[in-house]
Structures are given as structure tokens and as C-alpha cells.
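As C-alpha cells, the structure follows; a few thoughts come after it.
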Amino acid sequence: MTKSEKNFRISYTDALNPSQLKAVTCTRGPLLVIAGAGSGKTRTLTFRVARLVEEGIPPGSILLLTFTRKAAGEMLKRASKLLDERCERVAGGTFHSFANMVLRRFSSRIGFDSSFVIMDRSDTESLIGMLRRELGYGKLFGAFPKKQTLATIFSRSLNKSLSIEEVILNDYPHFEPFMEEVLQLYRAYGKQKREHSFLDFDDLLILLRNLLAENQDVRSSLSRQYQYLMVDEYQDTNAIQAEIIYLLAGPEKNVMVVGDDSQSIYAFRGANFRNIMEFPKRFPGTKIVRIEENYRSVQPILKLANVIIDRAAEKYTKVLYTRKQGGVPPTLVRAADENHQSRFVVETIKKMVRKGIPYEQIAVLFRAGFHSFDLEIELGKQGLPFVKVGGFKFMESAHIKDVLAYLRVLLTCADRLSWYRILLLIENIGPQTAQKIYDTISKKHTAKEGINAVRPHKSYSKPFGRLNTLFQKLDVKSMSVAQLGEVIIEYYGPLMENRFDDYPKRMKDLEQLLSIMARYHRVDLFLADMALEPPNTSMDDVLFAGSSSDNRLTLSTIHSAKGLEWNSVFIIWALDGRFPSAHGLERPEELEEELRLMYVATTRAKEYLYIVYPMQVYTRGLGMASCTPSRFVEGIPETILQRQSFGRVNRQRFYSHDDHYWR
């Protein structure tokens, strides 16, 4: 240990492996850290925060950007435990929350008032749907894209830096006949946002990028304020986020980005694989550190993962290894058909559980959500408990959105979207009536005054009277956030009961929402956080409030499983046309991402890994057809990926050969 190292309170050389130590102690200039799966990426970032503070860097001049508030909070909390409370003063958060803060500070430069309203995805779709109806496209064209698809087209255009025309031609060619109408709706959407001071998630990033690019004084001010930048999961950034980092970097370019090119799997969300590959070109003089020691999986699993990713055409070469001893080779299982695939998974899981592996440490992963349908039926027959995580994250569910709408109009009486949501819950009030009522309300300064000014028609006067009574009770100044929530939920309960068959489950979600509200002292801060990143994800439009200790196995798409780990993992439908998908086979760049997706799936497993595919599959028009295993695993030597068969194929019966693992 050098003399200078002895002056640090934390013994970094003892706490970190050599690669982690190099990443932590290299604090000047641009640094690219390629952190392999399970290699202690979070630990590395945490120690680097502490190191910078120990070196005397003012905490406020360090900016840590992550993709979730929770990730940033956890890292800073851990750093504080390592060192002291100074680490909690480090600026940390998501790109969107950082953009929100900066844009409010410099709102005059972007032509908005500092009280602009943030729209989440659900709000965006509601506004687009409203404009779609007003422009008459829903009636004129039966095949015109729905509001959800339009929102995706608009967002993809910005995130991928493509024109609306390019997105439609590339991804939705069947909508080409409506190109001009889509463009007109897009222009109307932009105009509506400007008129009402609405910003959607994409606007936050676009406006921040433009603010930095077009205002040298703002860029210099922020660069002086944040002299040390750290970015987590850099492989998941889009082109706009990468440009924001470039513009924020000061003259010394003290930028550290951490990521794994082998886990870049979110192109459909706008993530740009080129960002991490071209970082050294954008920041000349970049030092590259590879962290390859894995703390999650046994060596046989890592050996397979290394072979799979070695097939990638473009990559930062790395070889994962572990000091863990033992482990059995992963198994490629050929099942007779889809049902035998499901039965193999169920039978093997039952053996695992009998040998002491809890359900919660077992996961079944798949390329697309519908791949698990047959398995779900088989699990139900056998009475095995499971939870399914879909292929995408619901930003909010309907009943949560409803409750938030009441709070939003308390702060902004002219919030048209929220009033529409509230009014359309009332029987006999449709879009036209809601618009008339809104016209009256919007002329007043407060929701209480506005709702009181309405003279309801007798067809809905009684339920409208209940709504009026609600707003007379609500007082932002004298009531806490939780108290406001309790009154609103008491009013909303009967409406929810009439609207949803599963209202008891939804009521539990609202109770969870109240506990979240209790953490806040101001309604505006609560709503901003809920819009920027809700604290839970929903499933089938219902928040899943189950405890992480629930002893249920997990069914998940691979995209949803990234960042997670289990003792035992099954990857099903590993055959060409399913994984990789038929669509992925058509484009080289998409096939490369599918390969990375297989790598992500294999590296979720700690001890046991099964890759399963059905040998025969029923297809419409062809009947039963023979299939071949995924090209990502075909041809791998049996010493690395052993073979096994299950079920009856061509009159020959095959049984599981892995019983010796569980005896």
C-alpha cells in the first residue's frame, strides 16, 4: 500500500478486486468501465463515490445518473455507510429527474413557465386519444392507429432521432396510407402541449439537450457545478442522453460511464448500442477497464455465457470467471412438443423444491410473454405457485391514475386531462359533456371554485353533487398528502367497485398508495415523483404489491429479468423463429441484440440452468412441424452444454437424464 493510500479511511485495496480498484481510483479524465454480468458493478460505483469524496471533491460537484431513483438512492446510501454523511449530498437521480430540475431552473430559456406539468405515458396517450377524436380520425379511418401506437411512434421518433415518416415506414408500414394524418396529429399534439405547458418524458430530454447545446452560459454553469459525472447502465442510454453527457462534461472530461455492451437489449425503447461502442471516439484519451470476475454464477454457466457472447460480431472482448468451486454444466433439453416442454419444467421444479430450493429462487424466462401460456396451465394443474412479469413496465394502473387526477387538479385547475379522467367516471357524462363542464371549470382559479360554478344537468346531478362535496372537503393548505388521499379514496371506492371486477385487489393497491403518500409533505413533490418514476410496477393493469419474500416461482420475459438473479433458471422456446424471433432473423443488428438477450438470460442463473425447446410445434396452416434449436446454442460442445431429451418423439420415448442431480 502506498503512503497516499494509507491516508484514506477506507481500505480500497482490501475491499475491491484489482479491476474494481482500478475503476474506483481512476478519478480523472474519461473512463469506460465494461462490467460483466454479476461482476459487482454497483459495488464499484458505490466505492467510487466514496473515493471521490475522500479525495476532497465537494459532494455537490459529483453527479450520478442512473435509470431508477432507487438505484441512485441505494448507491449513495451505501457510500454514506462506507464513509460518512457527505456522500448523501452527492447529486444523484435519473436523467429525467435531472432534466426536470434543470429545466425548471432555466424555464425562461425554453419558453415555459417553471410550473410546467409533466405527463407520463398514460397522460400522453390520453391527450393523443383526445386529439384523435377531435380531428375525426377515429371515425373517418377504421384502420387508423390507436392512441397507444401513436404514442409509441412519436416517442420512437425522438428517442431514435428518426422522422415520423421513417418510424412508420420501418416499423409500421401498414400505416403508410395515413402518413399525412399522423403528421397532422403530431403537430396538434405539440401545439396542445405548448398551450397547456405540458412536457412528456421525451420532451424533458430533448429540451435539456437543446438548452445545453444552444446556451453556452448554461452549459458552462452546469459544467462548473458538476465537475465529475458518473453514468450507470450506459449501454441503455439513447442518442439524446449520450449527447447530454457530452455537453455536460467540462474541459477536463471527468466522465465515468459503466455498462456492459453484452447486455444492450433495449433498442425497442430507443437504447443505442453505438453509445457504449463509440464512447472512446467521443471522448479521446478514454481509459477502458474490464471487470470480469463474476460473483453470481458457477463456472460451468459462465463458460456457456462466454461461448454464446463470443459469437457477437461487435463487442468489447471479456471473459467472465469466478472463484466459486463446483457446479454442473447447463443442459439443453429437447422436448417432444410444447406440452412436454411445460411438463419437463414443472417436473424438474418439483424435484428442486423437494431438494430444498425455494420457489422464489427459481425462474422461467422467455423471449415473449405469450411463450408461457401452456406452462401457466401446467403450473395451475400441478398447483405450483407463480407470479408472471410481463414484457413491459406499466407506468401506472387505471385506479392509481384516477386517484392522482383528483390531486392534480387541486394544484392546476386548468389540467384538462385530469378533469376529463375525473368527469368521465361519472355516469351519463361523456366526452362532449365533459368538455362543456371543463370549459366552465377552467375559467376559475381553483378546483373548488370551478366545480362549484357548474350547474349540472338532472341526468347526472346526484353523482356530480358527490363530486362537488368531495372538492369542498379537500384543502391542500390544511391537509397532509395522506389525508387528502384518504378523503379521495373514500369517494373513489364506490366508483372503483362499479368499474372493476377485481376491486378488492385494487383497494389493497390504494392502501399501499396511502403509505407512500405519508412520506411526502407536499402534494407537488409527490405528484412529480409519481410522474417521473412510480414506486411500483403494475401487472395486467393492477399493481403487484406482493412481498419479495412470497414463496412463488417467477415467470418473466428476459427483458424484465435483466438485473435479477435466481438459483435455478429455465429458458424456454429456445428455437429459431421464437428465440431468436422470426422478425430478428431478418435484420443483422436485431439478430445481434437477440444474441445479447440469450447472454442476459443465461447469466441470471447461479447454479442450475436449463435451456429447453420443443422439437415439434403446431403452426397454423402447416400443422405439426419439426423445429431446430436456437442458433445461439446449437453446435456448442456437450462438455459445455450437455444434451437431454424429454417426451415421445417419432415413437421413441425419452426421459429426463438429470435425476442424479437431485438424489
Side-chain angles (χ1 to χ4, degrees), residues 23 29-37 39 41 44-45 63-68 71-72 93-99 155-162 166-167 170 201-202 204-210 212-213 219 223 226 228-250 253-291 309 312-318 559 562-563 587-597 599-600:
L31 174 66
L32 170 61
V33 178
I34 303 298
S39 64
K41 171 178 64 68
T44 303
L45 282 165
L63 176 62
L64 171 64
L65 292 175
T66 64
F67 276 82
T68 66
T94 65
F95 276 90
H96 292 93
S97 63
F98 177 71
S155 180
R156 192 166 295 176
S157 169
L158 293 172
N159 280 295
K160 291 195 168 188
S161 300
L162 299 172
E166 287 175 308
V167 173
N170 290 341
F201 274 26
D202 299 317
L204 290 173
L205 298 182
I206 292 287
L207 290 174
L208 175 59
R209 189 272 310 276
N210 293 346
L212 295 171
R219 188 164 67 250
S223 295
Y226 304 109
Y228 293 83
L229 306 181
M230 299 170 64
V231 185
D232 189 18
E233 302 286 10
Y234 193 70
Q235 80 280 348
D236 293 336
T237 56
N238 60 33
I240 300 166
Q241 290 165 325
E243 193 170 352
I244 288 171
I245 294 301
Y246 178 75
L247 292 169
L248 276 175
K253 301 290 188 288
N254 295 324
V255 181
M256 174 207 197
V257 299
V258 182
D260 184 1
D261 56 296
S262 300
Q263 297 188 69
S264 180
I265 59 173
Y266 294 120
F268 68 96
R269 295 181 185 170
N272 193 335
F273 177 71
R274 302 248 55 84
N275 287 349
I276 194 166
M277 300 308 298
E278 297 177 359
F279 183 85
K281 293 181 182 178
R282 174 161 272 191
F283 290 91
T286 293
K287 295 178 182 177
I288 301 177
V289 176
R290 292 172 172 82
I291 305 179
I309 202 61
E314 188 175 9
K315 59 185 177 296
Y316 287 103
T317 300
K318 59 183 175 299
H559 285 103
K562 184 175 175 291
R587 302 175 183 177
E589 67 277 10
E590 291 189 15
L591 189 60
E592 282 283 292
E593 179 158 311
E594 296 265 336
L595 176 65
R596 297 193 292 270
L597 198 61
Y599 172 83
V600 168

Q: Report yes if the side chains of F67 and Y266 come closer than 4.5 Å at any heavy-atom pair, otherwise no.
A: no
Q) More than 12 foreign heavy atoms under 6.0 Å from NZ of K287: is that the case here? A) no
Q.
If I compare all heavy atoms of Q235 with all of I276, which pair ends up nearest, and what's the gap?
A. CB-CD1, 4.1 Å
Q: Would you give the length of the straight line joining atom OG of S39 to atom NZ of K318, rounded to the nearest 0.5 angstrom?
A: 9.0 Å
Q.
Quick check: do F273 and E589 have side-chain heavy atoms less than 4.5 Å from each other?
A. no
Q. To the nearest 0.5 Å, what is the distance between CG (L64) and OG1 (T94)?
A. 11.0 Å
Q.
Ignoring hydrogens, what is the shortest heavy-atom contact between A249 and V255? Give both atom names and the distance.
A. CB-CG2, 3.6 Å
**Q.** Within-4.5 Å side-chain heavy-atom neighbours: L205 and L158
**A.** no
Q) Salt-bridged, D260 to K562, with N to O below 4.0 Å? A) no
Q: Report the relative orientation of the aromatic rings in Y246 and F283; use parallel for angles under 30°, tilted for 30 to 60°, perpendicular for over 60°.
A: perpendicular
Q) So do the side chains of P280 and I288 get within less than 4.5 Å of each other, counting heavy atoms only? A) yes
Q: Decide side chain to side chain contact (heavy atoms under 4.5 Å, CB included) for R269 and N159; before the verdict, give the C-alpha distance in whole Å, the side-chain angles of both, and the deciding distance to 0.1 Å.
A: CA-CA 8 Å; R269 295 181 185 170; N159 280 295; over 6 Å; no
(Q) Using only atom types and a distance under 3.5 Å, with no angle test, would you say the side chain of Q241 pairs donor to acceptor with the backbone of F95? (A) no
Q | D261 side chain reached by M277 side chain, heavy atoms, under 4.5 Å | A | yes
Q.
Test your reading of the model: is there a side-chain donor-acceptor pair from R219 to the backbone of L212, 3.5 Å cut-off?
A. yes
Q) Between K281, R274, R282, which is the residue that forms a side-chain hydrogen bond (donor to acceptor under 3.5 Å, both in side chains) with E278? A) R274
Q) Heavy atoms, side chains only, cut-off 4.5 Å: are L45 and M256 in contact? A) yes
Q. How long is the span from the NZ atom in K253 to the CG atom in L248, to the nearest 0.5 Å?
A. 11.0 Å
Q.
Let me confirm one number: the CD1-CG distance from I240 to L247, rounded to the nearest 0.5 Å.
A. 12.0 Å
Q. Is H559 close to L597 at the side-chain level, that is, under 4.5 Å between some pair of heavy atoms?
A. yes
Q) F279 and Y316: aromatic ring centres closer than 6.0 Å? A) no
Q: Taking only Lys NZ, Arg NE, NH1 and NH2, and the carboxylate oxygens of Asp or Glu, determine whether K41 and D232 approach each other closer than 4.0 Å.
A: yes
Q: Please tell me if the side chains of E593 and E590 come closer than 4.5 Å, counting only heavy atoms from C-beta onward.
A: no
Q: Could you tell me which non-hydrogen atom of N275 sits nearest to which non-hydrogen atom of A239, and how far apart they are?
A: ND2-N, 3.9 Å
